[in-house]
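None of the values given here were measured: they were computed from a predicted structure. Hydrogens, waters and symmetry mates are skipped; everything else that's a heavy atom, side chains included, is used. Chain letters run A, B, ... following the sequence lines, proteins first and then strands; every chain starts at 1.
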Number of protein chains: 2
Amino acid sequence: MTTTTPHTRDRLLDSAERLFAENGVDATSLRHITNDAEANLASVNYHFGSKEELFRQVFARRIGPINQERLRLLDNCEAQGTPSLECVLEAFLAPTLRLRSDPEQGGEHFMCLMGRLFSEPTEWKTILMEEFNEIFQRFSTALQIALPEHAPLDLTWHLFFTIGAMAHLMTAGDLLKTFTQDRCDPADVEGTLRRLVDFSAAGFRGTSRGESP
Amino acid sequence: MTTTTPHTRDRLLDSAERLFAENGVDATSLRHITNDAEANLASVNYHFGSKEELFRQVFARRIGPINQERLRLLDNCEAQGTPSLECVLEAFLAPTLRLRSDPEQGGEHFMCLMGRLFSEPTEWKTILMEEFNEIFQRFSTALQIALPEHAPLDLTWHLFFTIGAMAHLMTAGDLLKTFTQDRCDPADVEGTLRRLVDFSAAGFRGTSRGESP
DNA sequence: GGATGATTCAATCATACGTTTGATTTAAAA
DNA sequence: TTTTAAATCAAACGTATGATTGAATCATCC
């Protein structure tokens with residue numbers, strides 16, 4: 001918003017995003033961030049006022065476009081009449097999972113950071129949830145249209161499970177790759193997305209067979 | 001292992017477990033812990049040597065019995081011939097989810113702590129994974145027996161998704177309750193367990209219908 | 001009861017933290 | 001060129017951290 005902007009502010013956001021993701025918010029000091037960004041220690045408080053506000057801005061910079069993309073994809077689904085379950089789920093999951101292959105941006109770091117936020121103490125978690133409320137409501141109704149015969153309460157539970165699987169991919173995807181000696185690789189974003197969409201869709205629709213052997 | 005044990009050491013473990021779960025490992029200081037446990041600051045380093053070792057012991061105290069219970073339940077499944085998918089999944093999920101209703105213990109705190117560990121920086125995460133490796137291998141083969149027609153790679157992906165949903169329940173279950181104004185309540189442990197088992201089982205078996213509308 | 005080892009305690013260590021200050025540099029406006 | 005505001009800088013603020021010390025206390029055994 002200033003007349004001419006040196007990019008110190010953006011370097012701070014980039015470094016903070018990466019270090020928050022790699023080491024956690026609490027474990028990342030302003031000195032780590034300013035060293036990494038090759039900026040003065042005081043620059044954080046000059047540009048952002050506090051560490052908490054820096055974190056909020058790191059988050060706000062990315063979450064808006066991501067959720068916009070979610071709604072855009074959902075609109076695409078609904079434009080062709082009653083949307084399919086798979087289409088709705090993909091609209092929800094794709095924008096975050098695709099961050100992993102964000103072209104030459106730090107989207108991968110943000111993905112990891114956002115995933116971790118789900119399990120962070122309440123203080124930070126509420127920041128995430130404020131932005132998520134609208135999305136949650138919007139997709140809940142879309143799911144009810146896609147699966148009209150299911151109880152709304154079931155859909156809520158199932159969406160919650162799906163979010164859990166998504167968050168786990170965001171934070172521990174590299175671990176899966178290590179564990180399986182690269183035979184499962186979340187870096188194949190579209191393949192991973194298809195797998196998660198199919199798994200969740202089957203879960204939403206419910207078991208197709210009886211239970212006891 | 002000493003002759004007579006005052007219970008300072010146990011009070012430290014209990015307080016650390018609770019505070020680590022509520023505020024995060026990094027954000028919990030030894031002074032918070034010792035104040036809560038009504039012990040002297042130096043007692044942590046006397047009994048455990050360091051904060052990291054305290055954390056390891058908090059974790060080691062619980063994870064062993066939990067994983068033993070997992071294997072016991074899995075043995076129960078396999079004792080009756082070829083185990084059903086639901087039985088195997090329940091054997092995997094129940095021991096952690098049931099921590100929420102642990103009788104007068106701090107199991108709920110540990111559940112939250114363990115769930116967060118999945119998304120914690122590598123340093124702490126590896127501690128979790130060392131203990132998890134055997135369980136992971138054991139249940140992978142059990143799943144292959146329960147679903148012999150499925151590719152092993154698919155089962156690995158699906159187990160990963162299931163773990164994600166489980167971890168999300170452990171760390172953000174209270175959030176689901178708040179969001180739904182108590183209409184979804186993870187405190188109903190057996191009901192929640194049944195929902196997750198059914199959801200995952202359907203996901204494992206795959207979609208029962210076509211995709212496009 | 002005195003000796004011995006285990007535990008607790010207050011006090012302090014050096015280091016790191018987020019934040020603030022006031023001077024200095026930079027760059028656009030007059 | 002002078003003026004003015006934005007931006008950067010080194011230095012310090014007070015507080016908190018994990019760790020350590022050596023004396024004091026406790027319980028136990030000879």
Taking only residues two or more places apart in sequence or in another chain, which ones pass side chain to side chain contact (heavy atoms under 4.5 Å, CB included) with [X]?
| X | value |
| --- | --- |
| Thr192(B) | Trp157(A), Leu169(B), Pro186(B) |
| Ser50(A) | Glu52(A), Glu53(A) |
| Arg18(B) | Glu22(B), Asp36(B), His109(B) |

Problem set entry | Pairs satisfying salt bridge (charged side-chain N to carboxylate O under 4.0 Å, His left out), at least one member in residues 63-77 of chain A, at least two apart |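 Found Glu69(A)-Arg72(A), Asp75(A)-Arg138(A).
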
Seminar exercise, completed: Quick note, salt bridge (charged side-chain N to carboxylate O under 4.0 Å, His left out) partners involving residues 178-187 of chain B, not counting sequence neighbours, are Lys177(B)-Asp185(B)

Rounded to the nearest Å, what distance is computed from the [atom1] atom of residue [X] to the [atom2] atom of nucleotide [N]?
| X | N | atom1 | atom2 | result |
| --- | --- | --- | --- | --- |
| Phe48(A) | dA7(D) | CZ | P | 12 Å |
| Asn23(B) | dT17(D) | CG | C1' | 15 Å |
| His7(B) | dA27(D) | NE2 | P | 12 Å |
| His47(B) | dA19(D) | NE2 | P | 15 Å |
| Asn35(A) | dA10(D) | CG | C1' | 14 Å |

For this session: Using only side-chain N and O atoms of Ser43(A), determine if any of them is under 4.0 Å from OP1 or OP2 of dC9(D).
Result: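 So the side-chain polar atoms of Ser43(A) never come under 4.0 Å of the phosphate oxygens OP1 or OP2 of dC9(D).
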
Seminar exercise, completed: Per-nucleotide protein contact along nucleotides 14-21 of chain C, 5' to 3', at a 4.0 Å heavy-atom cut-off (B base, S sugar-phosphate only, - neither), is ---BBBBB

Exercise. Side-chain donor-acceptor pair under 3.5 Å between Thr180(B) and Thr156(A), yes or no?
Worked result: no

